[in-house]
Q: 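Before I ask anything, let me first share the structure, which is written out below as structure tokens.
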Protein chains: 2
Amino acid sequence: MSRWEPNTRVRLLDAALDLFGGRGYDSVTVAEIAERAGLTKRTFFRHFTDKREVLFAGQEALSRIFAEAITAVPASASPMEAVAAALAAAAAPFGPQRRERAKQVQAVVAGHSDLRERELLKHATLTAAMAGALRERGVPAPAASLAAEIGGLAFTTGFARWIEPGNEREFAELAREALDELVAATATLG
Amino acid sequence: MSRWEPNTRVRLLDAALDLFGGRGYDSVTVAEIAERAGLTKRTFFRHFTDKREVLFAGQEALSRIFAEAITAVPASASPMEAVAAALAAAAAPFGPQRRERAKQVQAVVAGHSDLRERELLKHATLTAAMAGALRERGVPAPAASLAAEIGGLAFTTGFARWIEPGNEREFAELAREALDELVAATATLG
């Protein structure tokens, strides 16, 4: 990937959100998104396989960021410390300047069952990336899957709180708080 | 739903599996499935919205079985005891006589990305049903979500072991074993 590409993906996403916001998701075409972004349809398809995918532009990068953060923590770190490092590594991609865009994406996704379905798939990919990175650290399979699911729940909860109307707190802090709540909850399961 | 309908759904599933096994999933039509089952296309569409759905025939019933089992355990039961009851309640729908069919379904699903995607959605529905039933018992949200995810992992792991070649053990026993492994793993997360 050239160093220009992340910018192209964000341009396409912003163009798509403008159009979806004005006319609704269903009636907008890939050609219109590309045109609004000042790009060709061919360029669109170099970055995304279809109109749905543009809404999940950052998700593959996020799986990579999470897995790399888990790989990078010292060998002495516990599975939950590794997961906490993954969530902390999302501070940059979920910076305050991204919050409005994230809200718009979420509003479109929430309104379409096929987009919610795709979101679940992306969530499963994220969780699988964390579980894989944990197993590579030598964490046994059940603990790796469990820690990854807890990380996934903390991510989802933190994200939902981050885009709540009126929220001013940062994503990483909210995700960490959700993670701590979940870790505390493990002691109450019986 | 009339008392004949569950039987109709299984007939359609068996007809579909026969055809998918012989000619592959992609080329088989709904009309062919209905014909093989000795039913009309219209009857097919009374039970399933599309060809994909026939493969997930029992999933809605399973969500209901899980939720009802969680609701039925005594008030004194812990969240994990409630989840264990849900998995135990799946003993009947996952009886030994269903194992060959489950293997065939899984083989078709594993070969198609859109079916794997649909399976993730069904899994999420199952987990959400358990989390909802736990919250209704007064389990706080983070513990309810966590217990439901653990139940979902135990279900998936137990199911995978149940359909492994050569396995003779029962689903409920394997799911319970997977649940115990996950509960033991919660103590190792750090």
Side-chain angles (χ1 to χ4, degrees), chain A residues 49-50 52 73 76-85 113-128 131 134 137-158 160-161 177-190, chain B residues 49-50 52 73 76-85 113-128 131 134 137-158 160-161 177-190:
Chain A
T49 51
D50 57 35
R52 286 197 299 183
V73 294
S76 60
S78 71
M80 289 320 301
E81 284 166 344
V83 168
S113 63
D114 67 325
L115 295 176
R116 290 197 303 274
E117 198 165 321
R118 181 60 60 108
E119 190 179 39
L120 286 170
L121 183 73
K122 298 290 177 177
H123 181 83
T125 306
L126 205 64
T127 308
L134 287 164
R137 290 175 61 81
V139 177
S145 299
L146 186 57
E149 290 293 345
I150 293 173
L153 281 174
F155 175 77
T156 304
T157 307
R161 292 176 184 169
E177 196 172 271
L179 186 66
D180 290 342
E181 287 168 16
L182 288 161
V183 170
T186 59
T188 69
L189 299 180
Chain B
T49 52
D50 56 34
R52 286 198 299 183
V73 293
S76 60
S78 70
M80 288 321 301
E81 284 166 345
V83 168
S113 62
D114 67 323
L115 295 176
R116 290 198 303 273
E117 198 165 323
R118 181 60 60 110
E119 190 179 39
L120 285 170
L121 184 73
K122 298 289 177 181
H123 181 83
T125 306
L126 205 64
T127 308
L134 287 163
R137 290 175 61 79
V139 178
S145 299
L146 185 58
E149 291 293 345
I150 292 174
L153 281 174
F155 175 78
T156 305
T157 307
R161 291 176 184 168
E177 195 172 89
L179 186 66
D180 290 343
E181 288 168 13
L182 287 161
V183 170
T186 59
T188 70
L189 299 180

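The chains referred to below are lettered A, B, ... by the order of the sequence lines, with proteins before strands, and numbering in each begins at 1. On a predicted model such as this, the values are computed, not experimentally measured, just so you know.
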Q: Is there a side-chain contact between B:Val183 and A:Leu189 in this structure, where contact means two heavy atoms from C-beta onward sitting under 4.5 Å apart?
A: no
Q: In terms of heavy-atom proximity below 4.5 Å to chain B, should A:Leu153 be classed as side chain, backbone, both, or neither?
A: side chain
Q: What part of B:Glu149 lies closer than 4.5 angstrom to a heavy atom of chain A: side chain, backbone, both or neither?
A: side chain
Q: Please round to the nearest 0.5 Å and tell me the distance separating atom CE of A:Met80 and atom OG1 of B:Thr188.
A: 10.5 Å
Q: With rounding to the nearest 0.5 angstrom, report the CG to CG distance, A:Leu121 to B:Asp114.
A: 11.0 Å
